[in-house]
Amino acid sequence: MLQAGVWKDTDGNFINAHGGGILHHQGVYYWFGEIKKGKTWLLPDQKMECYRVPASGISCYSSKDLKNWKFEKIALSATVSDTESDLDTSKVIERPKVIYNQKTKQFVMWMHVDYKDYSYAHAGVAVSDNPAGPYRYLGSVKPNGQDSRDMTIFKDDNGSAYLIHASEDNNTMYINQLSNDYCSVTNQYIRISEGKRREAPAMFKFGKKYYLLTSACTGWSPNAASYAVSDSPLGDWKPMGNPCIGPFSETTFSSQGTFVLPINAKNGKFLFIADRWNKTDLENSRYLWLPMEVKGDIINITWSAKVPD
Ligand code: DGJ
């Protein structure tokens, strides 16, 4: 596993799976991510750094060892010349995440779907009977009428699942409980980090506690990560500060988080999965995966040239 340079799949092609997430199912890791393809657009006169690439679908790679990644398929395809569709190449799809629903036996994917200028701010959902897909798009929502941009999903041990999304024009993070089939949101939600402008949420559990990592909101430029701890997903979240330690911790080692993967969760060993955006040439963005250790309330992410065994 490399942390810099170009990561290639088992066919020798560049791994194209940005803003991604990993599903661990029956001994296989499935990595889903945005296919970033084509020339980066720079949209004029926008509040946020408006570099975008057209929606090109969601990719899926599989691996048994987190080192060798086989391209499986395009898990969710974009549509061409269908401007009514959320998945049209005139729009953007970001940060796909997949969880498995034990009751419905379906794999459920949530993602951020948007117009180029981010004015649509919807969360889209798709399902499949197979982990790698293809996924069937069900549609998108503004959860409880609120906008939804950077997002993730989290499945708890008891089967409850949550959509975590940046809302109120990226000012406030929402944690929203999903329905039993994980395909819609319920009206059970909380607002956290009010006015703090956090993006790139990644939630995980260690012991009895829940942790939420986020970035600041600086477009595609890296900034300091921060995290919060709670006794329950819809509980009181206590802000904890930057989990990164040492040189370049103020820029999350030049990256922005997207997911936390349990490696040996009982012993507090996780993998912090992040993107190194190349904002003027987004398809040439890179990845950074770092070992992450949790002890009690404390998360440590340190620079390492080596991924844990
Ligand atoms: C950083 C986010 O986390 C990305 O997913 C994307 O929304 C960009 N900002 C847009 O500026």
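Remember, it's 1-based here, ligands and their atoms both numbered in the order they're listed.
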Requested in this report: Begin from the C-alpha positions of Asp150 and Arg95 and carry the test salt bridge (Lys or Arg N to Asp or Glu O under 4.0 Å) through to its verdict.
Outcome: CA-CA 7 Å; Asp150 273 17; Arg95 297 188 175 269; 3.3 Å; yes
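- Residue Ala200 has no nitrogen or oxygen atom sitting less than 3.5 Å from a nitrogen or oxygen atom of ligand 1, judged on distance alone.
- Close contacts between ligand 1 and Tyr118 involve ligand atoms 6 (C), 7 (O), 8 (C), 10 (C) [criterion: under 4.0 Å to a heavy atom].
- The hydrophobic cluster around Leu234 extends to Phe154, Tyr162, Ile164, Met173, Ile175, Ile190, Ile192, Met203, Tyr210, Leu212, Trp237, counting ILVMFWY residues whose side-chain heavy atoms fall within less than 4.5 Å of a member.
- The residue His112 has no part lying near ligand 1, judged by heavy-atom distances below 4.0 Å.
- For the residue pair Lys73/Ser59, the side-chain donor-acceptor check at 3.5 Å is not satisfied.
- Using a 4.0 Å cut-off between heavy atoms, Gln256 contacts ligand 1 through its side chain alone, with no backbone atom that close.
- Evaluation of the side-chain contact (heavy atoms from CB on, under 4.5 Å) rule for Leu261 yields Ile22, Tyr29, Leu66, Phe259, Ile263, Leu271, Ile273 as partners, not counting sequence neighbours.
- The shortest heavy-atom distance from Gly19 to ligand 1 is not under 4.0 Å.
- Contact check for Thr79 versus Thr89: no side-chain heavy atoms found under the 4.5 Å cut-off.
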